[in-house]
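Being a predicted model, the structure only gives us computed values, none of them experimental. Just so we're on the same page: letters track the sequence lines, and every chain starts at 1.
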Amino acid sequence: MFPYPSGHLHMGHVRNYSIGDTMARFQRMLGKNVLQPMGWDAFGLPAENAAIQNKVAPAKWTYGNINYMREQLQRLGYAYDWSREIATCHPDYYRWEQWFFTRLFEKGLVYKKEAEVNWDPVDQTVLANEQVIDGRGWRSGALVERRKIPQWFIKITDFAQELLDDLEKLDGWPEKVRTMQSNWIGRSEGVELDFEVANENDASLQTLSVYTTRPDTLLGVTYLALAAQHPLALKAAESNPALVKFIEQQNNIKVAEAEMATMEKAGIDTGLKALHPITQQQLPIYLANFVLMSYGSGAVMAVPAHDQRDWEFAKKYGLAIAQVIKPESEDEICDLEQQAFVSKGILINSGEFDGLNFNQAFEAIAKYLGERGKGSKKVNFRLRDWGVSRQRYWGSPIPIINCEACGAVPVPDADLPVRLPEDIDLDESGSPLGKLAEFYKVNCPKCGAAATRETDTFDTFMESSWYYARYACRDQTNAMLDERADYWLPVDQYIGGIEHAILHLLYARFFHKLMRNEGLVNSDEPFTHLLTQGMVLKDGSKMSKSKGNTVDPLPLIEKYGADTVRMFTMFASPPDQSLEWSDSGVEGSFRFLKRLWKIVSSHEPLALGDFSGLSLSAEQTQLRRKTHQTIQKVSDDYARRHTFNTAIAATMELLNAVSRFADSEQGETDKLIIQEALEASILMLAPIVPHFSHVLWQYLGHAEAVIDAPWPQVDESALKESTALIVLQVNGKVRAKIEVAKDIDKATLERLAQEHESIKKFTENGTVRKIIIVPGRLVNIVVS
RNA sequence: GCCAGUGUGGUGAAAUUGGUAGACACGCCGGAUUCAAAAUCCGGUUCCUUCACGGGAGUGGCGGUUCAAGUCCGCCCACUGGUACCA
């Protein structure tokens, strides 16, 4: 993933791009044609904050940061193709995303609706969730208010099923990311049904539609709960000041699911009644702060006997609790005084549906409601449409013109890009675009009348959803993408932090499908293999400015060189785990590289020959075996496991063995075996420490550069071993170890084990019950 | 709250398919070298017990499956990421 140009390269970047560069160089050594590009996710909030703080325009600040960070990346020696560099704030880039949005507009895949934002009433600006701290604006300290404003949405929910189904194709992705995305999309099967509202004259409010995944509990409904923003709630509030007060109270909480879900459950009786679709019983209608207007219809049927949240709410407000499900088996406990009984079971107190189990009741009740026109089965998704409007300056302008006569009109291709004015002054009251007449005053492209341009900008996830494709053809000025995109796509290996597991990766998958449907790419998914790297920690917590525990890579590069820094980040832990920063660990990597230099430079290079004719001593055979065992292991670590830490450890082991071997007198054959071990070691380290390896490879007698050298091959004949180490256990505890011939038969091995002095001690006072033999590994004698 | 993940020596970690727990490093301790130090090299280093040989315990906690569990299952605890406007 490309970085946000914050102005400083941090260790998270160093880690991400060191992993990527290592993998890219490895693939190159395997003979692949590798594209390794780099770019900048250049729009976003921090530029606006910096602009206010330092009185510098976001564009200038951003371009300055990019220049500085590019230099830092170059110092780390990453093998990027800089001719493909992208900055998303450049009009050549965002014009295509504007163009694409107008295509989506034509296809009816975008629409405008009212949605809530965090409003700071003092600064008169919309706040991001992270800018609201304990319910107050971060600068003004004012209590935030929820406020509804019209915003653009893209219909990602139209693709919910495909996004879910295609997760199964992504076998190169970590299981945890697929699980998280699947849960996020949140497909459920249930029933949508209508409750009539008693004595309601307004036709549009006469029925309350609710969705439930538990239609089997329908006869246990004792009240209904509405979101505070539900139209019926707003209508009821017109004649009820207590409701107005409740709705206002719910207004001072930020627009975030975590806030909603952890706040104290509260509700209020609207006084309205709903009629149960089967029993016609009158049920109270409550407003409840845990009902989300954005999920389902903003109304839920409450079954306190069989839903824990409904149960707690009913207890708090003294509402009825009616049991309609009993446990299927005796050992399940159902005590409705203590808690709700939420498991599926057998229906009771449900009239004609008594005795049915969950599946039977689901079908029967759906059928009953269907026949009477009161409900039907429905598949529902938790996923909501993608809101792409931001009331900010530093982003791509949304290419729409609002005309009084024609409505929302997309900007014609010929007028794209809609350029963001870059020479501006920012103050604390938000986006200046609404004050720039030369920006927003335009004529309607359809009728020519005076009209106004959208002054909202795109969510920055728009830019990061397709940049990977643009790398393939970033010099293309006549189209968003061309045929080169399909040559390179899908991306074979994508690397980024686990924090992007849902939002960025889901939007990018969605965007890719939109581009496919537009005929721009022919693949279904953007990223074949995904590696989610862990965070970089210092003293056990995430490096951050606020904690003051950041480590700046630059002084380390100056002190030790890029290779040392790269090596430490690859050695300290496997890529998908968090990495604990350690200054003495860096020192250790530096020491290793110095030792490597010494071992190689004290060796007299010679040309490698054929080993098949040579007869080797035991020590020589052993070192050769170690060399080829190491090549085998390290190749697997690179290609399949991506555990570069163990690859480095194995190479260290090999070099330790070379070092011990080289201490004794050396003949020609010894030198040959050392040459082979050193060549393999350099090649295996080359993707991680390219500068060191480049020089040492040439020292060893090669004219070619190590970056063009092929990956080392395993000589199977060198791997052969004649003996095996067998562990002897008594009752699962290790008591001895013996070295035996590899082809030993079971009976002999069993006898050897039983006769072993250390084993006899533990077996002679009991009876041998069983002997388990795992060939080539262990013997376990079970005694009692 | 919900979803996902992580938890192993003094520290970072390894153990890949249920089969030797702690590879490889860092740190520390001891030695060599040095006038001395740094650097370098060699050796030791899970804990408890033992002069030693050996023995016992041990992978966040409790329980289970198995000849055998860091690894599989159940419950619990702590921490991390995400939670739709940070990117």
Side-chain angles (χ1 to χ4, degrees), chain A residues 1 3-4 6 41 43-46 49 117-118 126-132 151 174-177 179-184 186 254-263 265 290 294 309 382-392 459-461 464 496-504 506-507 532 534-535 537 540-542 568 571-574 576-589 591-592 594-595 598 633 636-637 640-641 643 645-646 648-653 656 725-729 731-734 737 758 761 769-772 774 777-778 780-783:
Chain A
M1 295 174 196
Y4 178 80
S6 58
D41 191 9
F43 278 136
L45 206 49
N49 297 333
V117 293
N118 304 307
V126 174
L127 297 178
N129 280 333
E130 69 157 10
Q131 296 174 314
V132 182
Q151 309 196 59
E175 194 58 46
K176 61 179 170 187
V177 177
T179 306
M180 279 190 267
Q181 291 216 348
S182 170
N183 292 337
W184 182 263
K254 78 176 176 187
V255 188
E257 193 201 68
E259 301 276 313
M260 300 284 290
T262 52
M263 71 188 170
K265 311 280 176 293
F290 57 83
S294 51
R309 195 173 54 185
R382 203 188 76 99
L383 182 69
R384 309 197 297 254
D385 275 338
W386 178 11
V388 294
S389 298
R390 294 293 180 271
Q391 297 69 45
R392 305 201 196 295
D459 176 10
T460 56
F461 279 127
S464 56
I498 184 64
E499 67 272 19
H500 297 290
I502 293 175
L503 293 180
H504 163 61
L506 191 66
Y507 290 138
T532 51
M535 286 182 306
L537 311 177
S541 59
K542 186 178 180 173
F568 175 74
F571 180 60
S573 64
D576 57 350
Q577 274 178 41
S578 61
L579 182 153
E580 176 68 33
W581 192 261
S582 154
D583 291 335
S584 52
V586 178
E587 191 78 46
S589 293
R591 205 148 49 203
F592 169 76
K594 281 193 290 188
R595 205 163 64 238
K598 214 181 322 185
K633 185 198 164 32
D636 186 47
D637 284 350
R640 180 180 62 90
R641 301 210 307 154
T643 50
N645 56 329
T646 54
I648 294 169
T651 312
M652 285 175 167
E653 269 192 75
N656 288 344
L725 185 70
I726 304 291
V727 170
L728 306 182
Q729 297 181 332
N731 290 338
K733 290 193 174 174
V734 179
K737 293 165 192 179
S758 316
K761 269 201 313 201
R769 299 284 172 199
K770 205 175 182 183
I771 297 177
I772 286 137
V774 182
R777 281 194 174 269
L778 62 76
N780 186 15
I781 302 174
V782 186
V783 178

Practice task
Looking at every strand, decide which applies to A:Q391 at a 4.0 Å heavy-atom threshold: base, sugar-phosphate, or nothing.
Solution key: base
Practice task
For A:I498 and for A:K770, locate the closest nucleotide of RNA chain B by heavy-atom distance; then report the residue assigned to the nucleotide nearer the 5' terminus.
Solution key: A:K770
Problem - Between B:U49 and B:C53 - C1' atom distance, rounded Å - result: 13 Å
Handout entry: Flag, side chain of A:Q577 to backbone of A:P574, donor-acceptor distance under 3.5 Å
Key = no
Practice task
Measure the distance from CE on A:M260 to C1' on B:C2 and round it to the nearest whole Å.
Solution key: 13 Å
Practice task
Can you tell me the distance, in whole Å, between the CG atom of A:D636 and the C1' atom of B:U16?
Solution key: 7 Å
Practice task
Please evaluate the base of B:U16 for a donor-acceptor partner in the side chain of A:R640 within a cut-off of under 3.5 Å?
Solution key: yes
Practice task
Establish, with yes or no, whether the OP1 or OP2 oxygen of B:C2 is under 4.0 angstrom from a side-chain nitrogen or oxygen of A:R309.
Solution key: no
Problem - Between B:U50 and B:C26 - C1' atom distance, rounded Å - result: 31 Å
Practice task
For B:U33 and B:A37, measure between their P atoms and round to the nearest Å.
Solution key: 12 Å
Problem - Pairwise P distance for B:U46 and B:G64, with rounding to whole Å - result: 31 Å
Practice task
To the nearest Å, give me how far apart CE (A:M180) and C1' (B:G81) are.
Solution key: 8 Å
Practice task
Using a heavy-atom cut-off of under 4.0 Å over every strand shown, decide if A:S6 touches base, sugar-phosphate, or nothing.
Solution key: nothing
Problem - Candidate nucleotides B:A87, B:G1, B:U16, ranked by approach to the side chain of A:Y4 - the nearest - result: B:A87
Problem - Rounded distance in Å - CG (A:L728) to P (B:A68) - result: 18 Å
Exercise for the section: Tell me whether the centres of the aromatic rings in A:F461 and A:W386 are closer together than 6.0 Å. Expected result: no
Exercise for the section: Using only side-chain N and O atoms of A:R769, determine if any of them is under 4.0 Å from OP1 or OP2 of B:A68. Expected result: no
Problem - Spacing of A:Q131 atom CD and A:N49 atom CG [to the nearest 0.5 Å] - result: 6.0 Å
Fill in the blank from the handout: Winner on side-chain proximity to A:I502, out of B:A84, B:G82, B:U80, is B:G82
Handout entry: N/O donor-acceptor pair under 3.5 Å between A:N731 side chain and A:V783 backbone
Key = yes
Exercise for the section: Can you tell me the distance, in whole Å, between the CZ atom of A:F43 and the P atom of B:A87? Expected result: 12 Å
Practice task
Answer with base, sugar-phosphate or nothing: what part of the nucleic acid does A:W184 contact at a heavy-atom distance below 4.0 Å?
Solution key: base
Completion exercise
Among the nucleotides B:C41, B:C86, B:A84, whichever has the atom closest to the side chain of A:R595 is B:C41
Handout entry: Backbone of A:A256 reached by a side-chain donor or acceptor of A:N129 within 3.5 Å
Key = no
Completion exercise
Rounded to the nearest 0.5 Å, the OG1 atom of A:T532 sits from the CE atom of A:M1 at a distance of 8.5 Å
Handout entry: Side-chain donor-acceptor pair present, A:T179, A:S182, cut-off under 3.5 Å
Key = no
Completion exercise
B/S/- along nucleotides 52-60 of chain B (protein heavy atoms under 4.0 Å) is --SSSS---
Practice task
Look up atom OG in A:S589 and atom CD in A:E587, then write down how far apart they are to the nearest 0.5 Å.
Solution key: 9.5 Å
Problem - Rounded distance [0.5 Å steps], CZ in A:R641 versus CG in A:D636 - result: 6.5 Å
Practice task
Could you tell me whether A:H504 contacts a base, only the sugar-phosphate backbone, or nothing, with contacts defined as non-hydrogen atoms closer than 4.0 Å?
Solution key: nothing
Practice task
Would you mind classifying the nucleic acid contact of A:F592 as base, sugar-phosphate or nothing, using non-hydrogen atoms under 4.0 angstrom?
Solution key: nothing
Practice task
Assign A:K633 to base, sugar-phosphate, or nothing according to its heavy-atom contacts below 4.0 angstrom with the strands shown.
Solution key: base
Practice task
Scan nucleotides 19-24 of chain B nucleotide by nucleotide, 5' to 3', and note B when protein non-hydrogen atoms come under 4.0 Å of the base, S if they reach only the sugar-phosphate, - if neither.
Solution key: BBS-BB
Practice task
Sticking with atom P, work out how far B:A15 lies from B:U34, rounded to a whole angstrom.
Solution key: 43 Å
Practice task
Remember a base hit wins even if backbone is also touched, and classify A:A572 as base, sugar-phosphate or nothing at under 4.0 Å, heavy atoms.
Solution key: sugar-phosphate
Exercise for the section: Map every base of RNA chain B to its dot-bracket character, where paired means a Watson-Crick or G-U wobble contact with both distances under 3.5 Å and | marks a partner outside the strand. Expected result: (((((((..(((......[....)))((((((.......))))))((((....))))..(((((..]....))))))))))))....
Exercise for the section: Give A:Q181 one of three labels, base, sugar-phosphate or nothing, depending on what nucleic acid heavy atoms sit under 4.0 Å from its own. Expected result: nothing
Problem - Atom pair CG/CD of A:L503 and A:Q181 - distance to nearest 0.5 Å - result: 9.5 Å
Exercise for the section: Could you tell me whether the side chains of A:D41 and A:S464 share a donor-acceptor contact shorter than 3.5 Å? Expected result: no
Practice task
Please work out whether B:G74 sits syn or anti, treating a glycosidic angle within 90° of 0 as syn.
Solution key: anti
Practice task
Considering only atom C1', compute the distance from B:G7 to B:G55 and round it to an integer number of Å.
Solution key: 30 Å
Completion exercise
Rounding to 0.5 Å, atoms OG1 (A:T460) and NE2 (A:H504) come to a distance of 10.5 Å
Exercise for the section: Go through B:A4, B:U80, B:A84 for me and flag the one nearest to the A:E257 side chain. Expected result: B:A84
Handout entry: Whole angstrom value for the distance that separates P of B:G81 from CD of A:E130
Key = 14 Å
Exercise for the section: Select base, sugar-phosphate, or nothing to describe what A:V117 touches, counting heavy atoms under 4.0 Å on all strands. Expected result: base
Exercise for the section: State whether the side chain of A:N118 and the backbone N or O of A:V255 hold a donor-acceptor pair below 3.5 Å, judged by distance alone. Expected result: yes
Practice task
Using a 4.0 Å heavy-atom cut-off across all strands, classify A:E580 as base, sugar-phosphate, or nothing.
Solution key: sugar-phosphate
Handout entry: Pairwise C1' distance for B:G54 and B:C67, with rounding to whole Å
Key = 25 Å
Practice task
Could you tell me whether A:E257 and A:R382 have a side-chain N and a carboxylate O separated by less than 4.0 Å?
Solution key: yes
Practice task
Round to a whole Å and report the spacing from CE of A:M263 to P of B:U83.
Solution key: 18 Å
Exercise for the section: Report which part of the nucleic acid A:P3 touches: base, sugar-phosphate, or nothing (heavy-atom distance under 4.0 Å, all strands). Expected result: nothing
Practice task
Begin with the C-alpha distance, continue with both residues' side-chain angles, and end with the deciding distance and a verdict on side-chain hydrogen bond (donor to acceptor under 3.5 Å, both in side chains) for A:N645 and A:S573.
Solution key: CA-CA 6 Å; A:N645 56 329; A:S573 64; over 6 Å; no
Exercise for the section: Describe the nucleic acid contact of A:L383 in one word from base, sugar-phosphate, nothing, applying a heavy-atom distance below 4.0 Å. Expected result: base
Completion exercise
side-chain contact (heavy atoms from CB on, under 4.5 Å) test vs A:Q729 passes for just one of A:I781, A:N780, A:I772, namely A:N780
Exercise for the section: Please determine, for the side chain of A:V782, which listed nucleotide (B:C67, B:A87, B:G1) has the closest atom? Expected result: B:C67
Handout entry: Contact under 4.0 Å: A:R390 side-chain N or O vs B:A84 OP1/OP2
Key = no
Problem - Separation between the P atoms of B:A21 and B:U71, rounded to whole Å - result: 14 Å
Exercise for the section: Return the 5'-most residue of the pair A:T179, A:D459 with respect to RNA chain B, ranking by each residue's nearest nucleotide. Expected result: A:T179
Fill in the blank from the handout: Rounded to whole Å, the CG-C1' distance (A:N183 to B:G81) equals 15 Å
Problem - Under-4.0 Å side-chain N/O to phosphate OP1/OP2 contact, A:T460 with B:A87 - result: yes
